[in-house]
Amino acid sequence: MYGLWRPRVLGAWKVPASGPVIFAVNHSHNIDGPMVMGVAPRPTHFLIKQEAFTGPLDPFLTGIGQLKVDRKSADRTAIARALGVLESGGVLGIFPEGTRGEGDFASLRAGLAYFAVRSGAPIVPVAVLGSAEKPGRLVKALPPLRSRVDVVFGDPFEAGDGSGLRTRKALDQATERIQKRLTEHLENARRLTGRWATLE
């Protein structure tokens, strides 16, 4: 990541140095996940759609500890592996919007709330900004080489209400709390990096 682009990393010191953590990352470009993996202060295991595990990428992604997930069903194997990462004190990376989009956390799925409430792991919001501003000249699918991409880590927070309940209502309420915190972090990250202008 540092060889191809110019990442600017803010707030990495906020990531707990040990214990289970969930990175909740906005997703507007294919390089967002690899960028976070490359600059995060701790090794990160992302839940990644199974379609990405093709050809030589399959053994590579598996080898670096990434988790294959079937988005068309309740993938119990992926869920168990993700919970295993947290139970062993690792870092789980999730794109809570479920798929690449505007990257503004506008539509969250319940998966993030489930993992956070079930494991008790704190959520660290992560904003990746600048990856989707303009296409590169050499490879249109990538940001311009040597362009700046900002990665902003936020304050850890607990998603649950302390009751430990995992009912549909409890998860819905946790999702609402998460969405509020992630949206606030994204707004703060845009202020910190001066990237408001890219929205106009």
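When the options V9, V25, V91 are evaluated for a side-chain contact (heavy atoms from CB on, under 4.5 Å) with V36, the one that passes is V25. D150 pairs with exactly one of R6, R191, R8 by the salt bridge (Lys or Arg N to Asp or Glu O under 4.0 Å) rule, that one being R8.
Residues V151 and V126 have side chains in contact (heavy-atom distance under 4.5 Å, counting atoms from C-beta outward). The side-chain heavy atoms of L47 and R81, taken from C-beta on, include no pair separated by under 4.5 Å. For the pair L129 and R190, the minimum side-chain heavy-atom distance is below 4.5 Å. Considering only heavy atoms from C-beta on, L186 comes within 4.5 Å of N26 through its side chain. With contacts defined as side-chain heavy-atom distances shorter than 4.5 Å, the pair L112/F95 does not qualify. V152 has its side chain within reach of L192: a pair of non-hydrogen atoms, C-beta onward, lies under 4.5 Å apart. Counting only heavy atoms from C-beta outward, the side chains of P7 and M35 approach each other to under 4.5 Å.
Legend: salt bridge (Lys or Arg N to Asp or Glu O under 4.0 Å) pairs involving residues 33-47, not counting sequence neighbours: none detected.
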Inset, instruction - Kindly determine whether F115 and I94 satisfy side-chain contact (heavy atoms from CB on, under 4.5 Å), including the steps that lead there. - result: CA-CA 10 Å; F115 286 118; I94 294 180; 3.5 Å; yes
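Among all heavy-atom pairs drawn from P41 and A12, the shortest one is CG-O, 3.7 Å. Shown here for A174 and V117, the closest heavy-atom pair between the two residues is CB-CG2, 4.0 Å. For the pair P125 and F157, the tightest heavy-atom approach, listed with the atom from each and the gap, is CD-CE2, 4.0 Å. Shown here for I178 and A113, the closest heavy-atom pair between the two residues is CD1-CA, 3.7 Å. Of all non-hydrogen atoms in R148 and T193, the two that sit nearest each other are NH2-O, 3.5 Å. Of all the heavy atoms in V85 and H45, the pair that sits closest is CG1-CD2, 3.8 Å.
A116 is linked by a side-chain contact (heavy atoms from CB on, under 4.5 Å) to I22, I123, A159, counting only residues two or more places apart in sequence or in another chain. Every side-chain contact (heavy atoms from CB on, under 4.5 Å) that E184 has, sequence neighbours left out, goes to K180, R181.
Within a 6.0 Å radius of CZ in R177, more than 12 heavy atoms belonging to other residues, nucleotides or ligands are found.
A centroid separation of 6.0 Å or more is found between the aromatic rings of F23 and F46.
A distance of 11.5 Å separates CG of L182 from CD of E187, quoted to the nearest 0.5 Å.
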